[in-house]
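For reference, positions follow the sequence shown, starting with 1. Source: prediction; values computed, not measured.
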Amino acid sequence: MDAVDEVKTRLAIEDVVGEYVQLKRAGRNFKGLSPFAAEKTPSFVVSPDKQIWHDFSSGKGGDMFSFVMEVEGLDFKAALDLLARKAGIDLAQFRSPGAGANTGPSKERLHELLDLAAKFYQVQFSKNQIALEYVFKRRKFTKETALEWRLGYSPNNGTALVDFARSKGFNEIEIKQAGLSSNSSYRGLSDMFRGRLMIPLQDQQGRVIGFTARLLTDDKDAPKYINTPQTPLYDKSRHIYGLHLAKESIRKGGYAVIAEGNLDVISSHQAGVRQVVATAGTALTEPHLKGLSRFTGDIRLSFDADKAGLAATERAIPIASKVKVSLSIITIPSGKDPDELIQQDPAAWVKAIESPSYALDWLIERYKTLLDVKSAEGKRKFSDELLPVVRDLSDAVERDHYLNSIAAIMDVSREALEQKYDQATKEAPVVRKKPMQVTPVKPGQEDRWALERQRTEDAFLCLLLLRPTLREFLQLLTDPMFTNTNAYELYKFLVAHPDFYGKPADLKQLKAYAATSDNAQSLPDYVKILALLYEELYQGLELNELHYEAARLQARLVEQFVKTAKQKIINQLSDADEGTTTELLTQAKQYDELLNQVKGGITRGEKT
């Protein structure tokens, strides 16, 4: 038995899901409100028998591991680690001998030490008048806020924490690897943080992995903030401050706000705006955006509009384009920072968040105010600043749009701008017959289309899987009509194995098929989800009703495919020669005939 199977034997899926969703018994299954969508009628189903879950509102589903990955925004390895801890399983016993041999303290040991340090700092905070006045009077944080974020204070005697950690059984190597100490030539091992407000850095599960420490005195020679250095637990290029408390609000609100400072995050949460997080300064990285993209595709930056903020925005735009998230900028009125605005007028902070500007549009407007785009020098600097950002966009249509915009703003020809662009990118000029006309897709529309197609594919295949007599409706369908990987693999399997009935011997056949392809690895779990879907949607219906439903779904699948395929043909026609045009129009006619054929099947079904 491997680690995954061991976790599944020790944990019940309804207990794991029940920590996040209030479940109620509904026959053999449990139901609850979707954690992925705002809904009033429960559409989230958990099957203890099948050890599977399915969310009808979002189309998502899987086992307990996929649920934790979705709700916590984790990869599989991190989800396994989390569930193994819940089950009391030591994953080391499942590793090959000699693999990953210990070269230092275990991560669990470091977590224990950092949690102990946070508690130590909290106790010291309650005794230090300067820290208390800064937090409660100057920052106006409440006692509840200080406790929720575990704010603390580091004593200024040099070795207070080191001595405390040693008294609790931690050695010098562990204290160093946790990032809590520094070496002094005359004192030896001493505290990394002294005389500062301590702000714990926590991972997505709320475990302490490091600290940000803020100076509380006017010492011009000391940095205002210092962070835990790189450790086995803390990596500033990946860590997102406040995500453990913000992730649920981000998922439900549909967007995330990245502030510049940790204290800005705390202020916003205290004001009730909880989808706010921060990175280490303005250094936004690809791992940061990928981590947030697990919860939302709408990222909004709240950085200062100074030189550092401009540079950070310029760096972030190509990264966001690569990660496929929408990046926008929040403009704070009167040049305040979020904390100032929140203290003065929380409603104005909410209004600013809800009125962001698309990042590259904001950047263009910002440089228009800084430079004279009417002068030759201003045009040169304007294009110098913006063309590198446009060059790094991963989407060709977006690049084309902004080249047109920049040329129009500077009142120069597109050809002149392209010449400079091509010189900078060392690419040959792109020649087009005419500018590409693109109809913008409304925010979220692509996601809705994808979800609708997935629901259609799932409902259609669950009928054919559980009712083999309906597999006649596989005729007329082709591979490209299935966009979901699992649906595509099951379609291929049913075509190749028309006698599959789900019996134990057949399940071995399915697992053997799944093992032949990386894309089909999750097929057995997908089949369980479809069985659950059938129970919820079609159990108890007469065969003639199921026959009509299969015909309707087949027609819907074809209709969705034809719509997409004909749109591609329309795009190709704009640049097609006479011969290609004839071929494309013939294809379009064939698609129309196919659509009429399947819709005719529905009409015949209504008459029976």
Side-chain angles (χ1 to χ4, degrees), residues 43 54-61 446-502 506 510 513 519-520 522-523 526-569 586-608:
S43 69
H54 185 74
D55 178 23
F56 286 82
S57 64
S58 67
K60 298 175 180 178
E446 287 184 334
D447 290 340
R448 290 196 295 273
W449 288 341
L451 177 58
E452 183 183 350
R453 291 195 69 164
Q454 182 182 332
R455 285 174 173 167
T456 305
E457 292 169 17
D458 290 347
F460 178 72
L461 287 171
C462 88
L463 282 173
L464 272 60
L465 178 69
L466 277 298
R467 288 286 191 166
T469 56
L470 299 176
R471 290 180 190 165
E472 63 184 271
F473 290 102
L474 287 173
Q475 297 174 18
L476 303 180
L477 301 184
T478 57
D479 292 359
M481 294 181 186
F482 293 89
T483 57
N484 177 275
T485 301
N486 282 323
Y488 169 71
E489 292 294 340
L490 182 58
Y491 162 74
K492 289 200 304 181
F493 176 80
L494 291 177
V495 169
H497 304 85
D499 297 327
F500 176 78
Y501 278 79
D506 293 337
L510 177 68
Y513 174 83
N519 291 332
S522 57
L523 198 52
Y526 181 61
V527 166
K528 290 181 184 178
I529 291 173
L530 294 188
L532 179 60
L533 194 64
Y534 183 88
E535 287 179 14
E536 293 295 321
L537 296 179
Y538 302 120
Q539 192 79 45
L541 293 184
E542 298 291 336
L543 183 58
N544 63 332
E545 294 175 297
L546 296 176
H547 192 277
Y548 172 74
E549 178 67 0
R552 186 188 70 81
L553 290 169
Q554 181 203 46
R556 185 68 183 133
L557 268 177
V558 173
E559 183 181 12
Q560 290 168 339
F561 166 73
V562 168
K563 183 178 180 180
T564 303
K566 288 180 74 174
Q567 184 59 52
K568 290 179 181 177
I569 288 175
T586 301
Q587 285 182 25
K589 184 179 179 181
Q590 290 170 347
Y591 288 143
D592 288 335
E593 291 172 351
L594 174 63
L595 190 57
N596 290 333
Q597 190 174 353
V598 293
K599 285 186 174 180
I602 297 180
T603 304
R604 289 191 297 275
E606 287 175 333
K607 294 177 180 178
T608 58

CG (L494) and CG (L461) are apart, to the nearest 0.5 Å, by 6.5 Å

Measure across R467 and L541 and return the closest heavy-atom pair with its distance rounded to 0.1 Å. NH2-O, 4.4 Å

Smallest heavy-atom separation, A588 atom then I569 atom, equals N-CD1, 3.8 Å

Rounded distance [0.5 Å steps], CG in L451 versus CG in D458: 9.5 Å

Would you say that more than 12 heavy atoms from the other residues, nucleotides or ligands in this model lie under 6.0 Å from the CD of E593, or not? yes

Non-hydrogen atoms of L476 and M481 that approach each other most closely: O-CE, 3.7 Å

Distance col, row L557:CG vs L553:CG, nearest 0.5 angstrom, shows 7.0 Å

Indicate the atoms forming the closest heavy-atom contact of A459 with Y538, along with that distance. CB-OH, 3.7 Å

Side-chain donor/acceptor of Q554 to backbone N/O of F460, under 3.5 Å: no

Around E542, counting heavy atoms of other residues, nucleotides and ligands shown, do more than 12 lie under 6.0 Å from its CD? no

What I'd like to find out is whether the side chain of Y534 reaches to under 4.5 Å of the side chain of L546, using heavy atoms alone. yes

Rounded to the nearest 0.5 Å, how far does OG of S43 lie from CG of D55? 5.0 Å

Minimum heavy-atom separation for L530 to C462, with atom names? O-CB, 3.4 Å

Are the side chains of L477 and V495 in contact, using a 4.5 Å heavy-atom criterion? no

Pairs flagged by ring-ring contact (aromatic ring centres under 6.0 Å, His included) wherever residues 465-485 is involved - sequence neighbours left out: F473-H547, F482-Y491

Using only atom types and a distance under 3.5 Å, with no angle test, would you say the side chain of R471 pairs donor to acceptor with the backbone of L465? yes

Without swapping roles, check the side chain of E457 against the backbone of T483 for a donor-acceptor pair under 3.5 Å. yes

Please assess E549 against R552 for the test salt bridge (Lys or Arg N to Asp or Glu O under 4.0 Å), listing each intermediate value before the final yes or no. CA-CA 5 Å; E549 178 67 0; R552 186 188 70 81; 2.9 Å; yes

Output for pair (Q590 CD, Q587 CD), nearest 0.5 Å, gives 7.0 Å

Would you give the length of the straight line joining atom CZ of F493 to atom CG of L490, rounded to the nearest 0.5 angstrom? 7.5 Å

State, to 0.1 Å, how close N486 and S522 come at their nearest heavy-atom pair, and which atoms those are. OD1-OG, 2.9 Å

Cationic N near anionic O, under 4.0 Å, E452 to R455: no

How are the rings of F56 and H54 set relative to one another: parallel (under 30°), tilted (30 to 60°) or perpendicular (over 60°)? perpendicular

